[in-house]
Protein chains: 2
Amino acid sequence: MKIDPNHLMILAAIADSGGLSEGARVVGKSQPSLSRTIAMLEARLGSRLFEKGKKPLRPTELCRSLADQGRVIAQAGLAAQQAAELYNSGKAGTARLAGTPIFMDGVISSMIASFQTAHPEVSVHQTYGYLSELTEQLNVGNVDIAICPVRPDRVPEGLSFKPILQGRNVIACAPSHPLARKPALTLADIAPYSWIAPPAGSPLYEDLRNALSSIGITDFRVSFTGGSLASIISVMSGSEALTVLPYSVVFMQQHTRSVTSLPIRIDHPDRELGLLWREDRQARPAVKRFRRYIEDEFSDLALQISEKGRNAVWRA
Amino acid sequence: MKIDPNHLMILAAIADSGGLSEGARVVGKSQPSLSRTIAMLEARLGSRLFEKGKKPLRPTELCRSLADQGRVIAQAGLAAQQAAELYNSGKAGTARLAGTPIFMDGVISSMIASFQTAHPEVSVHQTYGYLSELTEQLNVGNVDIAICPVRPDRVPEGLSFKPILQGRNVIACAPSHPLARKPALTLADIAPYSWIAPPAGSPLYEDLRNALSSIGITDFRVSFTGGSLASIISVMSGSEALTVLPYSVVFMQQHTRSVTSLPIRIDHPDRELGLLWREDRQARPAVKRFRRYIEDEFSDLALQISEKGRNAVWRA
DNA sequence: CAATCTTCATAACATCAGGTTATATTCTTT
DNA sequence: AAAGAATATAACCTGATGTTATGAAGATTG
């Protein structure tokens with residue numbers, strides 16, 4: 001004999017509130033409604049749920065057992081409701097993002113950290129890739145948001161793009177590097193040092209070549225290549241090698257005092273860092289919230305960077 | 001936004017069975033029914049529960065959260081159903097019985113013990129009293145069944161009475177008593193010993209007087225009075241005192257080797273041990289089952305007693 | 001103990017959630 | 001491209017469950 005969970009909840013409400021009239025108020029229905037519900041339940045069960053002919057309705061043992069379950073059900077219903085509200089407000093769920101390794105490690109990861117302290121119920125899945133793979137993953141649906149430097153006129157078909165930071169690279173080195181304290185730099189100064197190159201296929205590698213050629217360096221020695229940001233920084237601090245990094249990455253690492261930039265202006269890449277997603281797939285609330293968060297963080301970051309830039313001196 | 005627990009159960013069924021059609025089979029409804037239920041839920045929640053346009057229906061994270069609660073609800077529903085079935089079959093609940101102390105302690109308590117091993121979910125409440133109090137308690141509704149010696153023509157108004165054992169008393173003493181081994185007894189033999197009397201108001205006390213006078217003893221010394229069965233037996237084993245006890249009590253105590261009966265036939269009381277209850281209050285299943293059990297146990301007991309009686313020799 | 005107050009039960013009716021069958025659509029597979 | 005399987009939609013019907021109005025029965029109290 002199947003029992004309707006709604007009836008069990010009503011039963012619990014009556015038992016807990018001590019009467020039909022009061023119970024009716026609790027569940028927001030009329031007293032006769034509950035009266036009939038109880039009558040039907042009793043008929044179905046073949047046993048009384050309240051003692052016969054007692055006016056302050058006195059629950060039977062059976063009633064108490066069933067009311068226990070009713071309470072469980074009411075509880076579960078509430079939990080479901082809250083889960084739905086959390087989900088819909090983007091405070092629970094999953095956001096899957098992918099991006100170029102250097103940016104992810106150097107900039108995004110700390111933003112994820114602060115996001116997660118604010119919204120611990122949101123789980124963030126992070127993967128790495130360059131533009132073509134990111135596009136693929138977005139299209140397949142494995143990823144909700146990609147973060148990647150893109151030439152605004154070359155946004156892949158079907159994807160929306162929102163720039164979040166102007167592309168700007170700098171020559172980076174360890175803070176302990178001989179050039180780091182030198183007030184004025186010439187090309188001759190940097191010529192002797194070898195270079196750390198990002199992984200061969202990465203856009204940053206192209207940036208490195210272009211940047212150096214833009215300041216007249218065409219022939220350079222690569223002492224280390226292929227690592228992630230952590231490796232690059234690690235190698236850099238233990239050597240006098242130089243590298244090219246997005247300024248935002250250097251900026252975000254400043255608190256670690258593990259990397260600094262040299263005051264030599266090099267060519268901007270023709271790409272902008274931005275978010276990619278498929279407009280046609282409507283984003284889950286958690287994804288929307290995460291995207292908003294990242295955008296806000298980046299606009300903060302841009303502000304900080306431009307302020308610091310006003311106090312710095314750059315040379316061609 | 002309130003969510004119907006039925007919907008959550010359906011959701012769980014679909015998520016667990018992996019599809020609408022299969023889920024429909026599980027919950028015993030048609031596929032379009034579930035389809036619409038899901039559609040309404042999604043509309044209500046404002047979020048998809050299954051990924052759009054995927055044919056082996058793939059549950060969303062939200063769906064999974066809600067399905068979790070749905071499973072909880074289904075579980076609670078089942079538990080309620082089982083609770084009801086247990087209750088209705090008398091395998092769960094409460095039976096409140098009351099009775100005269102000597103019988104309760106000497107006979108009923110061990111029956112309760114075996115009943116409880118068979119039906120551990122039934123809780124038994126036991127209280128003590130003599131006929132007038134028992135009647136009162138039955139009428140007030142504090143007690144479901146009373147066990148008491150009653151004169152069949154003096155069953156209290158409004159109560160049903162079912163005899164379960166013929167009243168028969170014996171003279172009891174410790175097994176170590178000098179008279180216990182004596183093959184032939186005369187009144188002169190028992191004259192010297194003092195007596196243990198049941199509590200003054202109890203029916204047994206009257207029995208004692210009547211029984212002794214029936215065998216010609218009118219003047220007897222009472223060395224101990226007022227105790228419960230445990231006290232009586234305890235006092236008896238440490239002394240040479242005699243007492244009058246229902247034979248059923250002596251019979252049930254035989255395994256403890258703490259009491260035995262003397263082969264002297266004394267008058268039967270004009271009462272029969274039986275069950276009392278109010279026919280107009282319809283008994284809860286657990287009470288019915290308990291009553292049946294007690295009745296069966298007593299018919300067994302009567303059988304055993306009559307068998308043993310055939311082998312014993314009694315004298316006037 | 002009659003009067004009164006509360007609380008529950010019943011009656012009569014209205015509505016819509018949710019069941020059904022039939023059929024169209026859409027995704028997947030071959 | 002066609003076949004197959006699963007889901008969505010349409011159209012309809014029923015009964016569970018809501019309502020108000022009112023009667024009946026315990027409980028309470030001067």
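In the text below, chain A, chain B and the rest are named by the order of the sequence lines, each starting its count at 1.
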Rounded to the nearest 0.5 Å, what's the gap from CD on Glu121(B) to OG on Ser65(A)? Could you check?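 Interatomic distance, Glu121(B) CD to Ser65(A) OG, rounded to 0.5 Å: 9.5 Å.
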
Rounded distance (nearest 0.5 Å) linking atom CE of Met104(A) with atom CD1 of Ile112(A): 5.0 Å

In residues 47-71 of chain B, which residues come under 4.0 Å of DNA chain C by heavy atom? Gly53(B), Lys54(B), Lys55(B)

On a heavy-atom basis, which atom in Ala95(A) and which in Ala286(A) lie closest, and how many Å separate them?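 Where Ala95(A) meets Ala286(A) most closely, the heavy atoms are CB-O, 4.5 Å.
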
Closest non-hydrogen atom pair between Asn142(B) and Arg96(B), with its separation: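 Taking Asn142(B) first and Arg96(B) second, the nearest heavy atoms are O-NH1, 3.4 Å.
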
So, is [X] near the phosphate of [N], with a side-chain N or O under 4.0 Å from OP1 or OP2?
{"X": "Ser21(A)", "N": "dC8(C)", "result": "yes"}
{"X": "Ser30(B)", "N": "dG19(C)", "result": "no"}
{"X": "Ser33(A)", "N": "dT17(D)", "result": "no"}
{"X": "His7(B)", "N": "dA17(C)", "result": "no"}

In whole angstroms, how far is the [atom2] atom of [N] from the [atom1] atom of [X]?
{"X": "Asp4(A)", "N": "dG19(C)", "atom1": "CG", "atom2": "C1'", "answer": "15 Å"}
{"X": "Leu34(B)", "N": "dG19(C)", "atom1": "CG", "atom2": "P", "answer": "8 Å"}
{"X": "Ile14(B)", "N": "dT7(D)", "atom1": "CD1", "atom2": "C1'", "answer": "11 Å"}
{"X": "Leu20(B)", "N": "dA8(D)", "atom1": "CG", "atom2": "C1'", "answer": "9 Å"}
{"X": "Lys29(B)", "N": "dT7(D)", "atom1": "NZ", "atom2": "P", "answer": "18 Å"}
{"X": "Glu22(B)", "N": "dA6(D)", "atom1": "CD", "atom2": "P", "answer": "9 Å"}
{"X": "Ile38(B)", "N": "dA17(C)", "atom1": "CD1", "atom2": "C1'", "answer": "15 Å"}
{"X": "Ile10(B)", "N": "dA17(C)", "atom1": "CD1", "atom2": "P", "answer": "14 Å"}

Of all the choices, dG18(D), dC12(D), dA9(C), which nucleotide is nearest to the side chain of Arg36(B) once you look at every atom? dC12(D)

Just by distance, do the side chain of Asp144(B) and the backbone of Ala283(B) share a donor-acceptor pair under 3.5 Å?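 A pair under 3.5 Å: no.
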
Sidechain-backbone polar pair: Glu42(A) side chain, Leu49(A) backbone, donor-acceptor under 3.5 Å: yes

Gln31(A) (side chain) and dA9(C) (base): donor-acceptor pair under 3.5 Å: yes

Glu22(A)/Arg25(A) ion pair, N-O < 4.0 Å: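 Between Arg25(A) and Glu22(A) there is a salt bridge, with a charged N closer than 4.0 Å to a carboxylate O.
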
More 5' along DNA chain D: Ala39(B) or Asn6(A), using each one's nearest nucleotide? Ala39(B)

